[in-house]
Amino acid sequence: MAHTVIGTAGHIDHGKTLLVKALTGMDTDQAPEERARGITIELGFAFLGDQATIIDVPGHERFVKTMVAGVSTIDVAMLVIAADDGVMPQSREHLDVLRLLGVERGVVVINKADLVEEEWLGLVGEEVREFVRGSFLARAEIFCVSALSGAGIDPLRQRLLAMVEDTAAKRTDAPFRLPVDRAFGVKGFGLVCTGTVQAGALAEGDRVEIAPEGRGARVRRLQQHGATVQEVRAGDRAAINLAGVEQGQIERGHSLVAPGFFRPTQMLDAEVQLLASSPMTIASRTRVRLHLGTREIMARVVLPGGKPLTPGQESFAQLRLEAPVIAAWGDRFVLRRYSPALTIGGGRVLNPHPAKHRRFEPALLAHLQALAHADLPEVVENWLRYADDRLKSQQMLAGELGIGVERLAGLTDEIVEDGRAVRVVSEGLPHVLHLDVCDHWGAQIEAALASFHRAQPLKLGLPREELRNLSARYIQPELFDCVLRYLEEAGRVALDGAVVRAASHSICFTPEQEVLRAAVEARLNTTDFANLPTVAELAQALDVPQPQVTDMIQALQALGMVVALEGGLLIHGEALARARTLLSDSLKRDGEITVAEFRTLIGSNRKCAMALLGHFDAEGLTTRQGDVRILVG
């Protein structure tokens with residue numbers, strides 16, 4: 001048996017608060033203004049036995065947003081309708097809210113039965129049964145009670161307790177989340193916030209983040225039903241005493257979440273349903289009130305093709321929010337008209353971190369369809385397949401999907417074992433990369449390389465950053481690096497230091513270029529170390545246009561046959577090896593050498609000698625000590 005949260009619903013003055021008091025003995029109207037006006041303004045809380053909390057919500061139309069915050073995480077609904085009034089406007093709106101939030105269990109209570117005659121009570125019962133037809137309350141029991149006299153209360157209480165017994169345990173392996181519905185200071189303890197644990201578990205001493213701001217805090221103390229406990233779990237009503245947070249830094253609409261799992265978002269891909277009773281259509285970019293968890297925020301609804309959503313219709317949409325929220329796949333929400341406020345629809349979050357859609361392409365619609373209707377393994381695979389612009393760690397994916405890391409790892413293991421994804425490590429964190437993503441960006445990279453090789457056959461390849469700008473400029477650099485490693489391991493590209501080339505590419509010379517190559521090599525493979533040329537000097541000596549010589553030098557450098565020294569001086573690799581041997585033998589014999597001695601040793605001038613010594617220092621053969629060089633090692 002899991003902890004059960006029961007939420008009231010119904011029109012103002014239909015006796016919800018008095019009914020809760022009759023059931024529990026607790027008066028949930030505590031504020032002076034509530035007592036003075038005789039109406040519920042804020043959320044009230046009472047305990048029914050050891051395993052149930054009743055949340056009493058306001059019925060006045062002005063406080064429907066408070067009602068939505070109160071019932072956003074309930075297990076059982078108690079719809080209250082006064083016998084002397086019958087079904088009223090907020091009865092209808094509250095039932096709509098419960099349906100949109102996915103509540104599946106509940107009872108109907110006809111209150112104030114002592115104020116009407118038996119015949120009238122029968123008519124009200126028929127009206128109520130017709131009212132709930134087609135909803136989750138269609139087969140619910142209807143209880144006729146008098147909260148004032150206590151008539152009919154015991155059978156209702158027993159039915160609620162039986163429903164508590166039937167409440168299934170919720171998964172506690174997901175990352176912790178609790179939407180805050182109240183926050184207040186307690187003398188001697190500091191800030192306390194309350195809410196229903198939406199997912200996961202929290203223990204005394206744990207750290208949490210206050211979302212969406214991201215401020216950290218430590219759990220000093222936990223309470224449930226007024227008693228101190230060591231841990232609260234999914235489904236529990238909890239009071240959490242936080243250390244390191246001042247009053248005013250947390251309020252209704254904030255969430256307490258496990259650190260590192262959740263990122264604020266201002267866009268949501270969603271499945272949206274407009275109520276058949278909605279008095280308005282929703283055109284693309286209509287401004288609405290979004291109620292998600294205990295948070296109310298303004299948003300604009302962007303629809304596919306700009307086609308309006310009419311009452312009773314469903315559609316995929318992107319919600320663009322005016323402030324950040326925390327959300328996960330499957331979270332339910334309510335939409336209300338901007339002004340005057342009225343519930344018009346709701347839906348489910350499909351992706352809490354989408355890209356901004358300019359058009360709803362067929363591939364995007366197919367992806368959203370899978371997120372809306374597929375089972376969890378297929379949802380996870382679609383999530384990986386469509387996340388094609390950035391790497392997502394297991395922790396990040398667990399937060400976006402609202403499932404536990406171990407459960408997610410099991411699902412991704414199946415995808416990897418079936419050969420549809422690969423595991424990669426980036427910045428020390430494990431990630432799963434779908435092969436469709438690898439192949440998509442791999443094709444872009446290979447196309448850029450092929451184009452480059454056609455245009456520049458004498459160049460070995462492209463520098464890594466230049467290749468990224470040409471093929472995948474807008475994706476996360478870490479994702480580009482992982483795709484590049486995937487292509488290298490598959491033998492499709494080769495990496496030579498910072499240069500990337502197609503694996504099949506090699507520098508090939510035309511017959512005319514072979515003639516120039518031979519001339520260049522003959523000039524640079526010299527024993528005259530006093531006349532090492534620059535590119536311009538080489539072009540002049542060979543009587544060849546400098547751009548052609550430049551291209552040839554770059555090709556020979558890529559092949560490791562020519563080396564550029566300080567000052568742009570050029571030398572053939574074999575000539576450089578001869579100079580290296582002369583220097584090494586001298587140092588082994590004498591222990592040290594000056595610039596003048598080296599210049600004499602190779603028959604060079606100071607400029608060329610200094611350029612050669614600088615190269616040997618850089619490659620680690622020698623090191624300078626004062627005015628002499630010595631052999632390293």
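For reference, positions follow the sequence shown, starting with 1. Just so it is clear, the model here is predicted, and its values are computed rather than measured.
Formation of a donor-acceptor pair under 3.5 Å by the R177 side chain with backbone atoms of V257 is not found in this model. In this structure, the side chain of S135 engages the main chain of L137 through a donor-acceptor pair within 3.5 Å. Q318 places a side-chain N or O within donor-acceptor distance of the main-chain N or O of A355, the cut-off being under 3.5 Å. Side-chain N or O atoms of H291 include none that pairs as donor or acceptor with a backbone N or O of R289 at under 3.5 Å. A donor-acceptor pair is defined here as one N or O able to donate and one able to accept, closer than 3.5 Å; such a pair exists between the side chain of N241 and the backbone of L191. A donor-acceptor contact shorter than 3.5 Å is absent between the side chain of E314 and the backbone of V272. The closest donor-acceptor contact from the side chain of W383 to the backbone of L401 lies at 3.5 Å or more, if one exists at all. Side chain of T265 to main chain of M267: a donor-acceptor pair is present (N/O by atom type, distance under 3.5 Å, no hydrogens or angles). With T286 contributing its side chain and I282 its backbone, the two residues share no donor-acceptor pair below 3.5 Å. When atom types are taken as modelled, the side chain of Q249 and the backbone of E246 share a donor-acceptor pair closer than 3.5 angstrom.
When all heavy atoms are compared, the tightest approach of G399 to A328 is O-CB, 3.6 Å. Scanning both residues, F176 and V197, for their nearest heavy atoms gives CE1-CG1, 3.6 Å. Of all the heavy atoms in I55 and R237, the pair that sits closest is CD1-NH1, 4.0 Å. Summarising the geometry of L429 relative to S393, their closest heavy-atom pair is CD1-CB, 4.4 Å, with the distance given to 0.1 Å. Between R385 and V437, the closest heavy-atom pair is O-CG2, 3.4 Å. A pairwise comparison of heavy atoms in W441 and A472 identifies CE3-CB, 3.7 Å as the closest pair.
The shortest distance between side-chain heavy atoms of V5 and D236 does not fall below 4.5 Å. Here the side chains of R423 and Q394 are in contact, with some heavy-atom distance below 4.5 Å. For the pair I250 and V180, the minimum side-chain heavy-atom distance is below 4.5 Å. Between L321 and L290, the closest side-chain pair of non-hydrogen atoms falls below 4.5 Å. Under the 4.5 Å side-chain criterion, counting only non-hydrogen atoms from C-beta, H431 is in contact with V424. Side-chain contact between L19 and V80 is present, with heavy atoms from C-beta onward closer than 4.5 Å. Using a 4.5 Å heavy-atom cutoff, the side chains of V301 and L309 are not in contact.
Remark: the Q224 side chain and the H3 side chain contain an N/O donor-acceptor pair separated by less than 3.5 Å. Looking only at atom types and distance, the side chain of D56 has a donor-acceptor partner in the side chain of T17 under 3.5 Å away. Inspection of the E381 and H434 side chains reveals an N or O donor paired with an N or O acceptor under 3.5 Å. Under the 3.5 Å distance criterion, with hydrogens and angles disregarded, a donor-acceptor pair is assigned to the side chains of R233 and T172. With no hydrogens or angles considered, no side-chain donor-acceptor pair links R252 and T294 at under 3.5 Å. For T343 and R336, the side-chain atoms include at least one donor-acceptor pair closer than 3.5 Å. For the 3.5 Å distance criterion, the side chains of Q90 and E93 qualify, holding a donor opposite an acceptor. Residues T194 and D181 have side chains that bring a donor and an acceptor to within less than 3.5 angstrom of each other. No side-chain donor-acceptor contact under 3.5 Å links R295 and S255. Looking at D269 and H353, their side chains never bring a donor and an acceptor atom within 3.5 Å of each other. No side-chain donor-acceptor contact under 3.5 Å links S278 and R337.
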* Which is it for M26 and F47 under the side chain to side chain contact (heavy atoms under 4.5 Å, CB included) test, yes or no, and what are the steps along the way? -> CA-CA 8 Å; M26 301 176 67; F47 307 140; 4.2 Å; yes
* Asked: Going through the distances and angles, do E465 and R468 end up as a salt bridge (charged side-chain N to carboxylate O under 4.0 Å, His left out)?
  -> CA-CA 5 Å; E465 279 306 304; R468 187 170 77 86; 3.5 Å; yes
* Go through K392 and E400 one step at a time and tell me if the salt bridge (charged side-chain N to carboxylate O under 4.0 Å, His left out) criterion holds. => CA-CA 10 Å; K392 292 186 177 180; E400 291 180 354; 3.0 Å; yes
* Asked: Taking it one step at a time, do E322 and R287 satisfy salt bridge (charged side-chain N to carboxylate O under 4.0 Å, His left out)?
  -> CA-CA 10 Å; E322 296 182 10; R287 196 165 182 245; 2.6 Å; yes
* Could you please spell out the steps behind the salt bridge (charged side-chain N to carboxylate O under 4.0 Å, His left out) verdict for R464 and D481? => CA-CA 9 Å; R464 181 189 295 253; D481 291 341; 3.3 Å; yes
* Give the intermediate values and the outcome of side chain to side chain donor-acceptor pair (under 3.5 Å) for residues E213 and H254. => CA-CA 9 Å; E213 282 80 358; H254 283 113; 3.1 Å; yes
* To do: Check the pair F316 / L303 against side chain to side chain contact (heavy atoms under 4.5 Å, CB included), numbers first and verdict last.
  => CA-CA 7 Å; F316 296 125; L303 295 165; over 6 Å; no
* To do: Go through the steps to decide whether R263 and M396 satisfy the test side chain to side chain contact (heavy atoms under 4.5 Å, CB included), and finish with yes or no.
  => CA-CA 8 Å; R263 295 177 294 136; M396 187 185 298; 3.7 Å; yes
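Heavy atoms of other residues, nucleotides or ligands lying less than 6.0 angstrom from OH of Y338 number 12 at most. Crowding of D439 atom CG: a count of heavy atoms from other residues, nucleotides or ligands under 6.0 Å exceeding 12. Within a 6.0 Å radius of CD in E104, no more than 12 heavy atoms belonging to other residues, nucleotides or ligands are found. With a 6.0 Å radius and a threshold of 12 heavy atoms from other residues, nucleotides or ligands, R285 has its CZ atom at or below the threshold.
Rounding to the nearest 0.5 Å gives a distance of 8.5 Å between CG of L202 and CG of L178. Rounding to the nearest 0.5 Å gives a distance of 11.0 Å between CG of D413 and CD of E406. L161 contributes atom CG, which lies 10.0 Å from atom CG of D50 (distance to the nearest 0.5 angstrom). To the nearest 0.5 Å, atoms CZ (R407) and OG1 (T412) are separated by 12.5 Å. If you take CG on L335 and CG on L100, they are separated by 8.0 Å, rounding to the nearest 0.5 Å. One distance of note links CZ of R348 with CG of L350; it measures 6.0 Å at 0.5 Å rounding.
A parallel orientation is assigned to the rings of H367 and Y386, their planes being inclined by less than 30° (bins at 30° and 60°).
Salt-bridge annotation for R220 and E204: absent, with no side-chain N of the basic residue lying under 4.0 Å from a carboxylate O of the acidic one.
Checking T4, T167, D75, D166 one by one against R105, the side-chain hydrogen bond (donor to acceptor under 3.5 Å, both in side chains) holds for a single residue, T167.
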